[in-house]
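Down below is the structure, laid out as structure tokens.
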Amino acid sequence: MNHTTHRFALYSYLIIELILGILIHTASPAYIYSYVSIVVAALFCLTLYQPTPDWTLTQIAFLFTLGADFFLVLLGRHQTVAMCLFSVTQLAYAARLTLAESKKTRRIQLITRAFTALLAVTITAAVLGKNTDALAVISLFYFANLLINAIFATAEYKRYPLFATGLWLFVLCDIFVGFGMLGSYLPLGNGLFIRFLTAPPINMAWVFYLPSQVLLSLSVLSHKQPH
């Protein structure tokens, strides 16, 4: 792909996602535009094929993201299955981060991940008590891995600027998703800020989610220079 074609494909992708992003918040049925926007991101990542672990693991992450969003966005059910798939997504991104490191740093990352995931599950059980279920446990396991990925990617921000930013947008998306679900487990009160987190005036989760997926798909570009 020559330089001009590469730029045209990139700009076309960004324009398409911008249009879809607007439609998600202004048109109906929003869930169709939402899912299509993630399909487009996965397909664009596919067009950037390169025989590297970064691309392979990112594409694997997108495949599991598509599976998770199939249940969450298109079907609107089977949340536990969706969160299991999203967990694999984050494990793929975790592998992308750890494989690029030295053995010593890799060991530190693996220990940190294991400890954080165990802590998240333990806190979930302690806080929710008898309300603890599989969805809560897998969701906290998933979020712990997402947060650790964002932190480790940020520690190498010069190497992973788009990747790190995309992961933090992913975190912000899931904060809104999480608070939307938390009310079914715990009493949250009725303060203005809590209401904004649990029932924002617009779909805040997708305000952050679509840009996160666009940046994650583009994050392999730093390793793929146009010819």
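Residues take their numbers from the sequence shown, with the count starting at 1. Quantities reported herein were computed from a predicted structural model and do not represent experimental measurements.
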Going by atom type alone, with no hydrogens or angles, which donor-acceptor pairs under 3.5 Å involve a side-chain atom of residues 18-32 and a protein atom two or more places apart or on another chain?
unit_1	atom_1	unit_2	atom_2	d
Thr26	OG1	Ile22	O	2.8

Less than 3.5 Å apart, which donor and acceptor atoms pair up between the side chains of residues 145-155 and the rest of the protein, not counting sequence neighbours?
unit_1	atom_1	unit_2	atom_2	d
Asn145	ND2	Phe141	O	2.9
Asn149	OD1	Arg113	NH1	2.5
Asn149	OD1	Arg113	NH2	3.0
Asn149	ND2	Gln90	O	2.9
Asn149	ND2	Gln90	OE1	3.0
Asn149	ND2	Asn145	O	3.3
Thr154	OG1	Ala150	O	2.6
Thr154	OG1	Trp168	NE1	2.5

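Evaluation of the ring pair (Phe, Tyr, Trp, His ring centres under 6.0 Å) test over residues 71-90, restricted to residues two or more places apart or in two chains, returns Phe71-His78, Phe86-Tyr142. Applying the side-chain hydrogen bond (donor to acceptor under 3.5 Å, both in side chains) test to pairs two or more places apart or on separate chains, those with a residue in residues 10-21 are Arg7-Tyr11, Tyr13-Ser217. Here salt bridge (Lys or Arg N to Asp or Glu O under 4.0 Å) pairs that include residues 148-158, with residues two or more places apart or in two chains, are Glu156-Arg159. For residues 56-72, the pairs satisfying side-chain hydrogen bond (donor to acceptor under 3.5 Å, both in side chains) are Thr58-Arg96, Thr65-Thr89, Asp69-Tyr209, with sequence neighbours left out.
A search for side-chain hydrogen bond (donor to acceptor under 3.5 Å, both in side chains) contacts involving Trp206 returns nothing, not counting sequence neighbours. Residues passing the side-chain hydrogen bond (donor to acceptor under 3.5 Å, both in side chains) test with Thr165, sequence neighbours excluded: Tyr157. Judged as a side-chain hydrogen bond (donor to acceptor under 3.5 Å, both in side chains), and not counting sequence neighbours, Thr122 has no contacts. With sequence neighbours left out, the side-chain hydrogen bond (donor to acceptor under 3.5 Å, both in side chains) criterion links Tyr93 to no other residue. Under the side chain to side chain contact (heavy atoms under 4.5 Å, CB included) criterion, Leu172 pairs with Leu169, Ile175, Phe208, not counting sequence neighbours.
Grouping Ile, Leu, Val, Met, Phe, Trp and Tyr residues whose side-chain heavy atoms lie under 4.5 Å apart, directly or via other members, leaves Ile111 alone, with no other cluster members.
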